[in-house]
Protein chains: 2
Amino acid sequence: MDDLFAGPFDSGAGPLYVQLHRRIAQAIASGALRPGDGLPPERDIAARTGLSRVTVRKSVGALVAEGALIQRRGSGTFIAPPVERLEQALSLLTSFTEDMARRGRHSDSRWLARGLHAPSPAEVMALGLGAGDQVARLDRVRGSDGVPLAIERAALPAQLLPDPQAVGDSLYALLQARDLRPVRAVQRISAASLGAEDAALLGVPVGAVSLRIERRSYLPGGRIVEYTRSLYRGDAYDFAVELTLAPQSGAPKSVASHPVPPHPSPSGPERTAP
Amino acid sequence: MDDLFAGPFDSGAGPLYVQLHRRIAQAIASGALRPGDGLPPERDIAARTGLSRVTVRKSVGALVAEGALIQRRGSGTFIAPPVERLEQALSLLTSFTEDMARRGRHSDSRWLARGLHAPSPAEVMALGLGAGDQVARLDRVRGSDGVPLAIERAALPAQLLPDPQAVGDSLYALLQARDLRPVRAVQRISAASLGAEDAALLGVPVGAVSLRIERRSYLPGGRIVEYTRSLYRGDAYDFAVELTLAPQSGAPKSVASHPVPPHPSPSGPERTAP
DNA sequence: CAGTGGTCTAGACCACTAC
DNA sequence: TAGTGGTCTAGACCACTGT
């Protein structure tokens, strides 16, 4: 462990910053460096490895972006604690508030926008709006126990929600009270890296990975009631879904409505082979 | 457009590399820079902005990681072409080969491993193996028309697939011929940034974003037949899923087995507000 | 060959943290 | 105050591309 940063470097195994990145990542994976441990100061690592500080920072910075390390200005660099990963069933149409309540957690909400606005082109298209129609926009940072977990940007036709200020913690609770709860939704999931603004809202470094989920929710009659774009912290969320047989090989089956079984895999910052 | 890189910089709006990053990102978003356009050489940008090349590279590098720019050594830096995003229905249990065939595309496969091996601890746990059991491991890079799209690492109990070399393009086709086709599966989806090895396999820069999908597939009797971990290129894949009403508010419904409707959103490199 | 991106260095100053 | 990470510079050499 004490010679983690000893030479020889430049043993022909690619760029120096890649070699250092690999060494640190392996030390973490093997348990030689444990969560909460501090890394030596960058200047020390540079001196001990014979590399420049810029090169050291390139390796360390990549590990920070991957979520393996945490840097605190004025304090030091530390091995990231294992993240408690939240698993969410994708096949159920639930709200953030309900998800958290089911886990026995409190759900935080910080409003970014809550009012009537002129719709963006994407919202016009998604909600099927006409000229002059307005949207109720509900943008907020959602979290649990003070930790931000997701950015949620919801848009509803103003006709369905003329008083967005009436929305409290749970949009779905209000919709249900008004007999406007959606019964069906289509979600699209993709991966994205976070820009400066969104990263700041979630309290993660720029470039951190996230899950982007776009959801269109429908009323029983088929009308779209909600168009929501969310960004979930990639280091804090898993989404689980149960699949059934492909239709061309047999009849479709109904999805199970029970909770997804727990998974045994070790939780921690998600990263691929370093 | 010609003064995109003119001063004044350091107008108090944060670090210089963030300001430059924002300028370029906005130029792309606004259409001032179009897909295929070339950026000036880094040394030119440095000279015109008055920044050092290191700082310019920090801005450009972030945009490359986000998928907005593409760099080619010896050639130049270019605005990334709009990526053709593939949308895949998550609620159907299909194979990569079938997914591509349904789109009328040819499916490529490059084997990384195809044989019997001693199982990893994760595989023992996922497949419920006993001591001494072996696994058939099928690791490959999958793509379409020569473009790598995903890394797929499948493991099956050796008892169910004693001859992994018999697997051709489609594992599921072989399983079906042997009456071992799974009828149910549980998937877990998360986001991850790519390490050096996986990035190289997919032909994307280190740190690029990906969707990580872990799948456990079950036979009609409930036995696990397949444990697969896949990494899909984040810039090339959307996953779509249809949701139904949460069970506590009504009876569960069956999932739709028809293809997910097309989406109108502009395709392009996924990124959040820069 | 000239030009490009890829890597690396040595040194500097700043902002923040901990004592 | 001393030490830390955050930012930035000027300059160098290499590997590769295109002509």
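Letters go in sequence order (proteins before strands), and every chain restarts at 1. The structure displayed is predicted, hence computed values, not measured ones.
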Please give me the minimum heavy-atom distance between B:Ser210 and B:Leu231, naming the atom from each residue. OG-CD2, 3.7 Å

Is the distance from OP1 or OP2 of C:dC8 to the nearest side-chain N or O of A:Lys58 less than 4.0 Å? no

With a 4.5 Å heavy-atom cut-off, do A:Ile79 and A:Arg34 have their side chains touching? no

Quick one: does A:Lys58's side chain get under 4.5 Å of A:Leu16's, heavy atoms only? no

Min side-chain heavy-atom separation A:Leu20-A:Thr55 under 4.5 Å: no

If you look at every strand shown and take non-hydrogen atoms under 4.0 Å, does B:Arg57 touch a base, only sugar-phosphate, or nothing? base

B:Arg72 CZ to D:dG18 P, straight-line distance once rounded to whole Å: 7 Å

Taking 4.0 Å as the cut-off, does a side-chain nitrogen or oxygen of A:Tyr17 come that near to OP1 or OP2 on C:dC8? no

Please enumerate all protein N or O atoms sitting under 3.5 Å from an N or O of nucleotides 10-15 of chain C, with distances to 0.1 Å.
from, atom 1, to, atom 2, distance (Å)
C:dA12, N6, A:Arg53, NH1, 3.4

With a 4.0 Å cut-off on N to O distance, would you call A:Glu214 and A:Arg229 a salt bridge? no

Taking atom C1' of C:dG6 as reference, at what distance in whole Å does atom CD1 of B:Ile70 sit? 17 Å

What is the distance, to the nearest angstrom, from the CG atom on B:Leu63 to the C1' atom on C:dG5? 16 Å

What integer distance in Å separates B:His21:NE2 from D:dT7:C1'? 16 Å

If you compare every side-chain N and O of B:Thr55 against the phosphate oxygens of D:dT7 (OP1, OP2), does one of them come in below 4.0 Å? no

Whole-Å distance between C:dT17 P and A:Gln71 CD? 14 Å

When you measure from the side chain of B:Thr97 to the backbone N and O of B:Asp169, does any donor-acceptor pair fall under 3.5 Å? yes

Which of these nucleotides, C:dT4, C:dT9, D:dT7, is closest to any side-chain atom of A:Leu16? C:dT9

